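All figures in this text were calculated on a predicted structure; none of them were measured in a lab.
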Amino acid sequence: MEYNMVGWFEIPVSDMERAKTFYEKVFGITISVHDLGELQMGWFPSAPDKKGASGSLVKHGMYTPSATDGPLIYFTCPDLSVELGRVIEAQGEILQPKTEIGGGHGFMALVKDTEGNRIALHSRQ
């Protein structure tokens, strides 16, 4: 394959500012919000020359946050303990603490964001 299978992701939100604050606090990033009429998007920072996909927070009537339905997005971190340590302060919830995956695949944790979405963190250490 010449490219990664995932090229973009969108995370549904009910309150853009609240969701933006959560993700900025947890990951130490800046999200830029763009109002596109009925659609509001909060774009995650992008590094086009690096591995992985970028994505957006999305507020629109067709998008519904969920902790149980739909795909599970894994955010790559150098050591997920750092980001996991910021979740509660950012008003999120830890659903599964840092857990070894096994087979040399690193570690993962599950988190619920301020909108009710389930997301995962992944790191090699």
Undergrad: Measure the shortest side-chain to side-chain distance between Leu110 and Thr99 over non-hydrogen atoms and say whether it is less than 4.5 angstrom.
TA: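 Sidechains of Thr99 and Leu110: no contact.
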Undergrad: Determine whether Val13 and Phe22 make a side-chain contact, defined as any pair of heavy atoms from C-beta on separated by less than 4.5 Å.
TA: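 No, their side chains stay 4.5 Å or more apart.
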Undergrad: Checking Ser14 now: which residues fulfil side-chain contact (heavy atoms from CB on, under 4.5 Å) with it, not counting sequence neighbours?
TA: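 Arg18, Pro65, Glu115.
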Undergrad: Is there a path of hydrophobic side-chain contacts, each under 4.5 Å between heavy atoms of I, L, V, M, F, W or Y residues, that connects Val33 with Trp8?
TA: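 No; Trp8 is not reachable from Val33 via cluster members.
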Undergrad: Could you tell me how the ring of Tyr23 sits relative to the ring of Phe27: parallel (under 30°), tilted (30 to 60°) or perpendicular (over 60°)?
TA: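 Rings of Tyr23 and Phe27: parallel, under 30°.
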Undergrad: List the residues meeting side chain to side chain donor-acceptor pair (under 3.5 Å) with Asn117, not counting sequence neighbours, and say none if there are none.
TA: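 For Asn117 the side chain to side chain donor-acceptor pair (under 3.5 Å) partners, ignoring immediate neighbours, are Asp113.
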Undergrad: In Å and rounded to the nearest 0.5 Å, what is the CD to NZ distance from Gln40 to Lys59?
TA: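 One gets 6.0 Å once the value is rounded to the nearest 0.5 Å.
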Undergrad: Between the main-chain N or O of Gly104 and the side-chain N or O of Arg124, is there a donor-acceptor pair closer than 3.5 Å?
TA: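 Present.
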Undergrad: Examine Ile29 and Met16 and state if one hydrophobic cluster contains both, with Ile, Leu, Val, Met, Phe, Trp and Tyr joined whenever side-chain heavy atoms are less than 4.5 Å apart.
TA: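 Yes, one cluster joins them.
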Undergrad: Scan the side chains in residues 75-82 for donor-acceptor partners under 3.5 Å anywhere in the protein, sequence neighbours excluded, and list what turns up.
TA:
unit_1: Asp79; atom_1: OD1; unit_2: Ser81; atom_2: N; d: 3.1
unit_1: Asp79; atom_1: OD1; unit_2: Ser81; atom_2: OG; d: 3.2
unit_1: Asp79; atom_1: OD1; unit_2: Lys98; atom_2: NZ; d: 3.0
unit_1: Ser81; atom_1: OG; unit_2: Lys98; atom_2: NZ; d: 3.1

Undergrad: Looking only at heavy atoms, which two atoms of Ser66 and Thr68 are closest? And how far apart?
TA: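 Smallest heavy-atom distance, with atoms named: OG-N, 3.1 Å.
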Undergrad: How about His122 and Ile101: do any of their side-chain heavy atoms sit closer than 4.5 Å?
TA: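 Sidechains of Ile101 and His122: in contact.
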Undergrad: Do the side chains of Gln96 and Met108 get nearer than 4.5 Å, heavy atoms only?
TA: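 Yes, their side chains come closer than 4.5 Å.
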Undergrad: Do Ile11 and Val26 share a hydrophobic cluster (ILVMFWY, side-chain heavy atoms under 4.5 Å, transitive)?
TA: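 As far as the 4.5 Å side-chain criterion goes, Val26 and Ile11 are connected within one cluster.
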Undergrad: Considering non-hydrogen atoms only, spot the tightest contact between Met41 and Ser56 and give its length.
TA: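 Result for this residue pair: CB-OG, 3.4 Å.
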Undergrad: Please tell me whether Phe107 and Leu121 are part of a single hydrophobic cluster in this structure, the criterion being side-chain heavy atoms less than 4.5 Å apart.
TA: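 They do share one cluster, since a chain of ILVMFWY contacts under 4.5 Å joins Phe107 to Leu121.
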Undergrad: Hydrophobic clusters here meaning ILVMFWY residues chained together by side-chain heavy-atom distances under 4.5 Å, can you tell me if Ile88 and Ile119 are in one?
TA: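 Yes, Ile88 and Ile119 fall within the same hydrophobic cluster.
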Undergrad: Please report the interatomic distance OG1(Thr114) to NZ(Lys20), rounded to the nearest 0.5 Å.
TA: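 Between Thr114 OG1 and Lys20 NZ, I get 12.5 Å after rounding to 0.5 Å.
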Undergrad: Could you tell me whether the side chain of Thr21 and the main chain of Ala19 form a donor-acceptor pair under 3.5 Å?
TA: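 Checked: no pair found.
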Undergrad: Would the distance check show the side chain of Glu24 and the main-chain N or O of Ile31 forming a donor-acceptor pair, the cut-off being under 3.5 Å?
TA: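 Between the backbone of Ile31 and the side chain of Glu24 there is a qualifying donor-acceptor contact (under 3.5 Å).
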